[in-house]
Each structure stands twice: as structure tokens, then as C-alpha cells.
Amino acid sequence: MIRETIVTTQSAAGEAHLAPMGASVVDGGYLLQPFRPSRTLDNLAASRVAVVNFTDDARIFAGCITGRHRSWPTAPATRLATAVRLAACLAHDEVEVERMEDDPTRPRFFCRTVHRETHAPFLGLNRAVAAVLEGAILVSRLHLMDPERVDREMNYLSVAIEKTAGAAEREAWDWLCETVADHRARAAS
Ligand SMILES: Cc1cc2nc3c(=O)[nH]c(=O)nc-3n(C[C@H](O)[C@H](O)[C@H](O)COP(=O)(O)O)c2cc1C
């Protein structure tokens with residue numbers, strides 16, 4: 001089971017970094033698998049700690065992936081002295097890296113949860129949030145994907161946006177659509 005989360009890590013200089021990341025649920029914690037190269041990977045390898053944040057704010061996923069809005073507020077973690085969490089998360093797990101399996105493409109960080117905290121209620125699933133997540137994954141792979149397939153899948157996802165989105169999901173979806181358009185314009189010029 002993979003939970004789609006926002007992973008917060010910190011550089012050696014103490015700079016917080018947020019990244020949407022799939023966290024595979026394993027016994028006692030998570031398996032995080034950042035592709036090379038990535039700041040999350042560098043930070044995890046150096047600091048050996050992270051926070052796995054659970055949020056239903058689609059703008060954070062879309063904002064980080066498109067670069068339209070990367071600096072979401074953070075707050076100090078509770079147990080891990082050097083770590084930060086997403087200030088507006090619904091809940092978070094603080095994790096320590098127990099073991100790393102290196103790989104030229106996608107190293108594997110096996111993490112143990114040392115603290116879990118809930119901040120706000122989860123108020124149910126929303127199709128538009130799920131559509132933004134799927135759209136964000138498409139946008140993160142624009143350089144690898146056939147443009148017609150991207151259009152087909154974005155068109156399908158837009159139905160859930162039209163039917164079920166609130167203002168936050170619409171804003172997140174607009175960021176994704178603008179990024180697709182920018183990518184096409186750059187490719188054409
Ligand atoms: C829902 C979702 C899940 C993602 N899961 C992963 C993942 O498991 N591993 C990964 O390397 N990137 C994943 N990505 C893409 C990263 O968020 C993105 O490439 C990010 O920039 C990571 O690089 P960074 O640490 O340098 O910011 C995911 C993106 C989304 C939208």
C-alpha cells in the first residue's frame with residue numbers, strides 16, 4: 001500500500017525541503033524511494049530523518065510539482081529535534097532511516113516511525129483531490145510521455161474537477177494545466 005504524502009526533509013544547512021512522495025507502508029514505518037537526482041534523497045542520506053505529512057490540500061502537491069508554489073509553511077517536529085513538518089498537515093509521522101539500500105536509479109530508505117501526531121480531522125475523500133494528484137504525476141513525467149496520452153488523461157481527470165472541485169482544487173488544477181501549456185510552448189519553439 002502506497003500513501004501519497006508530502007515528505008519534509010532538511011539540508012545540512014537547515015533549509016527545509018518539501019516533496020510529494022509515495023510512502024510504501026512497511027512494518028513499523030515506511031519505505032521511501034526517491035529517484036536520483038533529488039534533494040529529498042540528498043537530505044535523507046545526510047540527516048537520516050524525515051517527516052511524512054498527510055494532507056488533503058491538493059495545492060501542495062500541484063504547487064511543488066509545477067514550482068508555482070513551493071514554500072508552504074512548516075513547523076518544528078515534536079520528537080525529532082532537527083526536523084520540520086508541514087504546518088497545515090492533518091497528521092504527520094516522524095521517521096528515522098534504519099537502513100538504506102543504494103541503487104543507481106532509485107535508492108530505498110527503510111524508515112521507522114518514532115512519533116505520530118494528528119492535528120485536524122480528515123473530512124472525507126474528494127474526487128477532485130485525487131484528480132489533481134493524478135494530474136501532478138502526469139506533469140512530473142511530461143518529458144517522458146506522449147503528448148496525446150497526456151491530453152487524453154488530463155481530459156478524463158477534468159471531469160472530476162468540473163463536478164467536485166472547490167476553490168483550492170481548481171487553483172491546483174489551473175497550475176497543472178498552465179505547466180502543460182508552458183511545456184508544449186517550449187517544445188514547439
Ligand atoms: C503523488 C506523487 C508521488 C510522487 N512520488 C515520488 C516518489 O515516490 N519518488 C520520487 O522520486 N518522486 C516522486 N514524485 C515526484 C517528486 O515529488 C518530484 O520529482 C520532486 O521534485 C522530487 O525531487 P526533489 O526532492 O529534488 O524535490 C511524486 C510526485 C507526486 C505528484
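No more than 12 heavy atoms of other residues, nucleotides or ligands shown are found within 6.0 angstrom of CZ on Arg79.
Side-chain atoms of Trp175 and Ile65, non-hydrogen and from C-beta on, never get closer than 4.5 Å to each other. Under the 4.5 Å side-chain criterion, counting only non-hydrogen atoms from C-beta, Arg59 is not in contact with His69. Counting heavy atoms from C-beta outward, Val84 and Val51 have side chains that stay 4.5 Å or more apart. Side-chain contact between Asp56 and Asn126 is absent, with no heavy atoms from C-beta onward closer than 4.5 Å. Residues Glu94 and Thr78 meet the side-chain proximity criterion, which asks for heavy atoms closer than 4.5 Å. Counting heavy atoms from C-beta outward, Thr9 and Asp42 have side chains that stay 4.5 Å or more apart. Glu15 places a side-chain heavy atom less than 4.5 Å from the side chain of Arg39.
Tested against Thr66 for a side-chain contact (heavy atoms from CB on, under 4.5 Å), the candidates Asp174, Asp182, Thr179 yield a single pass: Thr179.
A salt bridge is defined here as a Lys NZ or Arg NE, NH1 or NH2 lying under 4.0 Å from an Asp or Glu carboxylate O, and Arg152 with Glu148 fails to meet this definition. Salt bridge annotation for Arg36-Asp102: present, with a cationic side-chain nitrogen under 4.0 angstrom from a carboxylate oxygen. A salt bridge between Arg184 and Asp151 is present, with a side-chain N of the basic residue lying under 4.0 Å from a carboxylate O of the acidic one.
Hydrophobic clustering of Ile, Leu, Val, Met, Phe, Trp and Tyr side chains at less than 4.5 Å, counting indirect connections, unites Leu44 with Met100. Note on Leu142: it clusters hydrophobically with Met154, by side-chain heavy-atom contacts below 4.5 Å among ILVMFWY residues. Under the 4.5 Å side-chain heavy-atom criterion for grouping Ile, Leu, Val, Met, Phe, Trp and Tyr, Val49 is not connected to Leu32 through any hydrophobic cluster. Transitive grouping of hydrophobic side chains (ILVMFWY, heavy atoms separated by less than 4.5 Å) brings Val180 and Ile161 into a common cluster. The hydrophobic clustering, which links ILVMFWY residues whose side-chain heavy atoms are closer than 4.5 Å, places Val52 and Val25 together.
Annotation for Val97 and Cys111: closest pair CG2-SG, 4.1 Å, computed over non-hydrogen atoms. Counting all heavy atoms, side chain and backbone alike, Arg48 lies closest to Ala45 at CD-O, 3.6 Å. Of all non-hydrogen atoms in Arg3 and Phe54, the two that sit nearest each other are CD-CE2, 4.0 Å. Gln33 approaches Arg106 most closely through the heavy-atom pair O-NE, 2.7 Å. A pairwise comparison of heavy atoms in Ala128 and Ala165 identifies CB-CA, 3.5 Å as the closest pair. Closest of all the heavy-atom pairs between Pro107 and Pro34 is CD-O, 3.4 Å.
In this structure, OG1 on Thr74 lies 7.0 Å from CG on Leu18, to the nearest 0.5 angstrom. Taking CZ of Phe109 as the start and CE of Met21 as the end, the distance is 10.0 Å to the nearest 0.5 Å. Considering CG of Asn53 and CH2 of Trp72, their distance stands at 13.0 Å, rounded to 0.5 Å. Of the inter-residue distances, the one linking Ile6 atom CD1 with Leu86 atom CG reads 6.5 Å to the nearest 0.5 angstrom. Here CZ of Arg85 is found 9.5 Å from OG1 of Thr8. Values are rounded to the nearest 0.5 Å. The line from CG of Leu176 to CD of Glu134 is 11.5 Å long, rounded to the nearest 0.5 Å.
The aromatic rings of His92 and His119 lie parallel to each other, their planes meeting at an angle below 30°, with 60° marking the opposite boundary.
Within the 3.5 Å criterion, the main-chain N or O of Val159 finds no donor-acceptor partner in the side chain of Glu162.
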Audit row: His115, Leu80, side-chain contact (heavy atoms from CB on, under 4.5 Å) steps and yes/no = CA-CA 8 Å; His115 180 75; Leu80 297 174; over 6 Å; no

Worked check of side-chain contact (heavy atoms from CB on, under 4.5 Å) between Met145 and Leu138 = CA-CA 8 Å; Met145 287 185 67; Leu138 289 177; 3.5 Å; yes

